[in-house]
2 protein chains.
Amino acid sequence: MTENKHSGNLSPEFALLGFLISGPSHGYDLHQRFVAELGHVWHLSQSQAYAILKRLENRGDISAQVVEQEKLPARQRLKITAQGRRRFFEWLELGISATARSIRLEFLTRLYFTQLHRPENTSQIYQAQFAKIESSIEELESLIEHLPLEQTFNHLSLDLRLQQMKLIQNWMAEIRAQFHISKEIR
Amino acid sequence: MTENKHSGNLSPEFALLGFLISGPSHGYDLHQRFVAELGHVWHLSQSQAYAILKRLENRGDISAQVVEQEKLPARQRLKITAQGRRRFFEWLELGISATARSIRLEFLTRLYFTQLHRPENTSQIYQAQFAKIESSIEELESLIEHLPLEQTFNHLSLDLRLQQMKLIQNWMAEIRAQFHISKEIR
DNA sequence: CATATATACTCACTGAGTGAGTATATATAC
DNA sequence: GTATATATACTCACTCAGTGAGTATATATG
């Protein structure tokens, strides 16, 4: 199994990693850039950004080096490691999201960094995400079909999830247009 | 402050409290009932259920009493306190959710327990939720309007959120029909 | 007779997320 | 010219979400 357990495990850690692909930086700056570029996609407080960076460092995805400054407080110069780079590009190509929320958050983020670092892959990640949405819809439809009618509230919930997935399907078409992705090549 | 910060702080704790309104019970049973009744609304693991119950106890919303059994492991007989009851009904009437996700989770849960414990309030909580959705839509529209066009990804995200809210508005109409809620009285 | 399932709960761990605090520099407002 | 707000840069303590595995016994099923 693995994949998305359920909800949770959804965090902008790969976005932070993605900014570091372009070159070393430090926490304050990464948070600033994050808010400016993706602030309406994710919400990320400053302290949470630092917490995530600390975790990435413990995992060995980034390395830190203290840089003293004359007047302002010292910085941690953060640099992505080979492992971090590997993990990032793996996520960029394979981290396909399954729920409405994770599509809005993660897929948009993957699209952002694909445009930035691997524009030639845009169509590929788009198609993969689209396929996932289609199979999600089928799964939900079959779940609903087999759910006893008297389970009113479970029904209403699954129903909304299904409708949301279909909405996202249409929204994906808008994206296709905006990014000039050709229709169904492979 | 308070309300819904952003995401997170979303938990089925009031549902557990809601089951206890009907009478004392214990963790295992509450979890079973939860999964059967609302298992496709929320996901709640057994251990997480126990964790939430422990918190409710620490807060004084429920009280626990160990009941030995002849053959099977001892139970904790859980009983809602006056404070818990107060908190629950306050949430039932006023805990109006604002995001797509929290509407699917919390509003459906509030509807479930309103039907169960306060059926005469159904229309009231429906109308309040509907109003919240309308004001959410307005807020998102104004946010989008003031967002610089070049912020492609922030735009796409807000756009999807807006469309989702509108979808939920339609889904609410289905609910109105199913629960025979009259159209716009007050 | 072995094994799966039901009853009932505990524990250790990772991670999300907030809010406040620390300390200094520069820009702006009165 | 001095008070105040804002920018730079990061830390800490805390609460809550969520998983996965473990403990221990009873009964049902093949």
Side-chain angles (χ1 to χ4, degrees), chain A residues 1-16 24-36 39 42-59 61-62 64-78 99 101-102 105-106, chain B residues 1-16 24-36 39 42-59 61-62 64-78 99 101-102 105-106:
Chain A
M1 63 145 294
T2 217
E3 308 274 308
N4 284 32
K5 323 272 162 179
H6 260 96
S7 45
N9 80 301
L10 215 38
S11 117
E13 70 176 76
F14 287 107
L16 294 172
S25 185
H26 58 280
Y28 185 86
D29 174 61
L30 287 168
H31 178 251
Q32 293 285 102
R33 269 202 269 167
F34 185 99
V35 169
W42 308 82
H43 170 78
L44 179 65
S45 69
Q46 205 192 30
S47 50
Q48 183 60 7
Y50 281 107
I52 291 169
L53 290 169
K54 180 53 73 191
R55 188 175 76 232
L56 291 172
E57 193 192 337
N58 290 338
R59 272 201 199 140
D61 290 339
I62 62 182
Q65 184 200 348
V66 178
V67 179
E68 298 295 340
Q69 296 186 111
E70 289 177 65
K71 311 196 155 181
L72 287 167
R75 289 174 176 174
Q76 298 250 25
R77 188 184 136 99
L78 304 174
T99 67
R101 186 149 187 271
S102 66
L105 299 173
E106 281 205 315
Chain B
M1 58 137 280
T2 216
E3 310 274 308
N4 283 29
K5 322 271 163 178
H6 260 97
S7 45
N9 81 301
L10 213 40
S11 116
E13 69 176 79
F14 288 107
L16 293 171
S25 185
H26 57 280
Y28 186 87
D29 175 61
L30 287 168
H31 178 251
Q32 293 285 102
R33 269 202 269 168
F34 185 99
V35 170
W42 308 81
H43 170 78
L44 179 65
S45 69
Q46 204 194 28
S47 49
Q48 183 60 7
Y50 282 107
I52 291 169
L53 290 169
K54 180 54 71 187
R55 187 174 76 234
L56 290 172
E57 193 191 338
N58 290 338
R59 272 201 199 140
D61 290 338
I62 62 181
Q65 184 200 349
V66 178
V67 180
E68 298 295 339
Q69 297 186 110
E70 290 178 64
K71 311 196 155 180
L72 287 168
R75 289 176 178 173
Q76 299 249 26
R77 191 183 133 101
L78 303 174
T99 67
R101 185 146 190 271
S102 65
L105 299 173
E106 282 204 315

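Just so we're on the same page: letters track the sequence lines, and every chain starts at 1.
For A:Arg55, the salt bridge (charged side-chain N to carboxylate O under 4.0 Å, His left out) test picks out A:Glu13, with sequence neighbours left out. Residues that satisfy the side chain to side chain contact (heavy atoms under 4.5 Å, CB included) test with B:Gln65, not counting sequence neighbours, are B:Arg77. A:Ala51 pairs by the side chain to side chain contact (heavy atoms under 4.5 Å, CB included) definition with A:Gln48, not counting sequence neighbours.
Not a single donor-acceptor pair under 3.5 Å links the side chain of A:Tyr50 to the backbone N or O of A:Ser45. Although no hydrogens or angles enter the test, the distance criterion places a donor-acceptor pair under 3.5 Å between the side chain of A:His31 and the main chain of A:Leu44.
For DNA chain D, the residues of residues 44-53 of chain A within the heavy-atom distance limit of 4.0 Å (strictly under) are A:Gln46, A:Ser47, A:Tyr50, sorted by number. A heavy atom closer than 4.0 Å to some atom of DNA chain C occurs in B:His26, B:Gly27, B:Tyr28, B:Gln32, these being the qualifying members of residues 24-33 of chain B.
The two atoms that bring A:Ser11 and A:Ile52 nearest to each other are OG-CD1, 4.1 Å, heavy atoms only. Of all heavy-atom pairs spanning A:Leu10 and A:Trp42, the tightest one is C-CZ3, 4.1 Å. What you find for A:Leu78 and A:Ala64 is that their closest heavy atoms are CD2-CB, 3.7 Å.
In this structure, CD of A:Glu68 is placed 14 Å from C1' of C:dA23, rounded to the nearest angstrom. Taking atom NZ on B:Lys54 and atom P on C:dC9, their separation rounds to 10 Å, with Å as the unit. Rounded to whole Å, atom P of D:dA17 lies 11 Å from atom CG of B:Leu16. Distance B:Asn58 CG to D:dC16 C1': 13 Å, rounded to the nearest Å. Taking atom CG of A:Leu10 as the reference point, atom C1' of C:dA16 lies 11 Å away to the nearest angstrom. Between A:Leu56 atom CG and C:dG15 atom C1' there is a gap of 12 Å when expressed in whole angstrom units. Across the protein-nucleic acid pair, A:Leu78 atom CG and D:dC10 atom P stand 7 Å apart, rounded to whole Å. Atom pair A:Glu57:CD and C:dG15:P shows a separation of 15 Å (rounding to whole Å applied).
Residue contacts for A:Arg59: at a heavy-atom cut-off of 4.0 Å it reaches the sugar-phosphate backbone alone, with no base atom in range.
For the atom pair B:Leu53 CG and B:Ile62 CD1, the distance stands at 5.0 Å (nearest 0.5 Å). Annotation: the span from A:Gln46 atom CD to A:Leu30 atom CG amounts to 11.5 Å, rounded to 0.5 Å.
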Inset, instruction - Might you work through the side chain to side chain contact (heavy atoms under 4.5 Å, CB included) test for B:Gln76 and B:Val67, ending with a clear yes or no? - result: CA-CA 6 Å; B:Gln76 299 249 26; B:Val67 180; over 6 Å; no

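Between the two ends of the helix from C:dC1-D:dG30 to C:dC30-D:dG1, each summarised by a five-pair axis, the helix axis turns through 30° (rounded to 10 degrees).
One finds a side-chain N or O of B:His43 lying less than 4.0 angstrom from the OP1 or OP2 phosphate oxygen of D:dT19.
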